[in-house]
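One structure is given here, and the rest of the page talks about it.
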Amino acid sequence: MTLNKSFYCRDPSEVARDILGKKLVKNGLTGKIVETEAYYGEDDPASHAYNGKTNRNRLMFGEPGRVYVYLCYGMYHLLNFTTREEGKPGAVLIRAVEPLQGLESMKTNRNTSRKENLTTGPGKLTEAFGIDKEENGEDATGEGSPIKVKEWKNCDEIQRTKRIGVSEEHERNLRFVCKDSDFLSR
DNA sequence: AATAGGATTTCCT
DNA sequence: GGAAATCCTATTC
């Protein structure tokens, strides 16, 4: 079962927590989501949407369940799914997955053979899955969608921590991880 | 093991 | 002009 629009049309923290353990699918490659972060809008200084709508972040203001990919530090594509109803900015960043299917393609894409270095970071997993600006704006809620998330498992134990790469000020605990995973970032 | 620097887009001051 | 939702490599301890 592909996660539908009502799954994504909720508070970003709820979506970030509930999407853990689910299966990320793109073109035959799959991975178990083990690390996420929630981002909000006007009340979240670390969010792209903090200062209002721009060409880059406009999907965060739109309907839920869309793929939001953007270029970080001029080099790495980061994968998000939009959340909340149209008009209220929100997104969930996928920070790490555990590789399940398509390991050989991932190794080629990443130019490494070590399973633990394939998808253990937000920039790494997009490279492993071949995700870039092409996918920006795609609807992730259809069975035929190029990128989607499917029902699969839940994590045994979920832990909530500070977000990574975000300045201390105003930071709330908006990072969610499957506690005992061997595939978390850094 | 720990630290430092580089690659380089998008947006803000 | 400078910082940002990162990662890799080289250098130094």
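Here the structure is a predicted model, which means the values were calculated and not measured. In what follows, chains carry the letters A, B, and so on, assigned in the order in which the sequence lines appear, proteins first and then strands, with residues in each chain numbered from 1.
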request  = Whole angstrom is fine here: how far is it from CZ in A:Phe81 over to C1' in C:dA5?
outcome  = 15 Å
ask   = Under 4.0 Å between a side-chain N or O of A:Arg110 and OP1 or OP2 of C:dC8?
value = yes
query = Considering every strand shown, what is the Watson-Crick or G-U wobble mate of B:dA2 when both distances are under 3.5 Å?
reply = C:dT11
task = Compute both the distance and the angle, then confirm whether A:Arg66 meets the cation-pi test with A:Tyr68: under 6.0 Å from the six-membered ring centre, within 45 degrees of the axis.
result = no
key: Closest listed nucleotide, where the reference is the side chain of A:Met75 and the choices are B:dC11, C:dA5, B:dA7   = B:dA7
query = Nearest to the side chain of A:Leu71 - B:dC12, B:dT9, C:dA5?
reply = B:dT9
query = Out of C:dA5, B:dC11, B:dA7, which nucleotide sits closest to the side chain of A:Cys72?
reply = C:dA5
query = Between A:Tyr50 (OH) and B:dT13 (P), how many Å, whole number?
reply = 9 Å
Base-pairing mate for B:dT8 - Watson-Crick or G-U, with both contacts under 3.5 Å = none
task = With P as the reference atom in both, quote the distance from C:dA3 to B:dG5 in angstrom, rounded to an integer.
result = 14 Å
key: Whole angstrom value for the distance that separates P of C:dA4 from CG of A:Asn80   = 18 Å
query = With centres under 5.5 Å and planes under 30° as the test, does A:Tyr73 stack with B:dA7?
reply = no
task = Between A:Tyr76 and A:Lys133, name the one whose nearest nucleotide on DNA chain B is closer to the 5' end.
result = A:Tyr76
message = If I pick the C1' atom on B:dT10 and the same atom on C:dC8, what distance separates them, to the nearest angstrom?
response = 22 Å
query = Could you walk me through whether A:Asp43 and A:Tyr50 pass the side-chain hydrogen bond (donor to acceptor under 3.5 Å, both in side chains) check?
reply = CA-CA 7 Å; A:Asp43 54 344; A:Tyr50 180 57; over 6 Å; no
message = Rounding to an integer number of Å, can you tell me how far A:Tyr70 OH sits from C:dT6 C1'?
response = 8 Å
ask   = With A:Tyr39, which residues qualify under ring-ring contact (aromatic ring centres under 6.0 Å, His included), at least two apart?
value = none
task = For A:Asn57 and C:dA4, give me the distance from atom CG to atom P, rounded to whole Å.
result = 17 Å
task = Taking only the side-chain heavy atoms of A:Ile164 (C-beta and beyond), determine which of B:dC11, C:dT6, C:dA5 contains the nearest atom.
result = C:dT6
Among A:Lys150, A:Gln101, A:Lys23, the one residue meeting side chain to side chain donor-acceptor pair (under 3.5 Å) with A:Thr30 = A:Gln101
ask   = Does NZ in A:Lys107 sit with more than 12 non-hydrogen atoms of other residues, nucleotides or ligands closer than 6.0 Å?
value = yes
note = note: A:Asn51, atom CG; C:dA5, atom P; distance rounded to Å ~ 12 Å
ask   = Does CD belonging to A:Glu116 count more than 12 external heavy atoms closer than 6.0 Å?
value = yes
inquiry  = Does A:Arg84 qualify as a cation-pi partner of A:Tyr8, given the criterion of NZ or CZ under 6.0 Å from the six-membered ring centre and within 45 degrees of its axis?
reply    = no
key: Sugar-phosphate only, base, or nothing, as touched by A:Arg95 at under 4.0 Å among non-hydrogen atoms   = sugar-phosphate
query = Across the strands shown, which category fits A:Leu93 at heavy-atom distances under 4.0 angstrom: base, sugar-phosphate, nothing?
reply = base
key: Any residue of residues 118-129 of chain A with a heavy atom less than 4.0 Å from an atom of DNA chain C   = A:Gly121, A:Pro122, A:Gly123, A:Lys124
ask   = Roughly, in whole Å, what's the span from CZ in A:Arg56 to P in B:dC12?
value = 8 Å
inquiry  = Please check this pair: side chain of A:Glu135 against backbone of A:Asp132, looking for a donor-acceptor N/O pair closer than 3.5 Å.
reply    = yes
query = Expressed in angstrom and rounded to an integer, what is the separation of A:Met60 atom CE from B:dT10 atom P?
reply = 17 Å
query = Quantified in whole Å, what is the C1' atom distance between nucleotide B:dG6 and nucleotide C:dG2?
reply = 16 Å
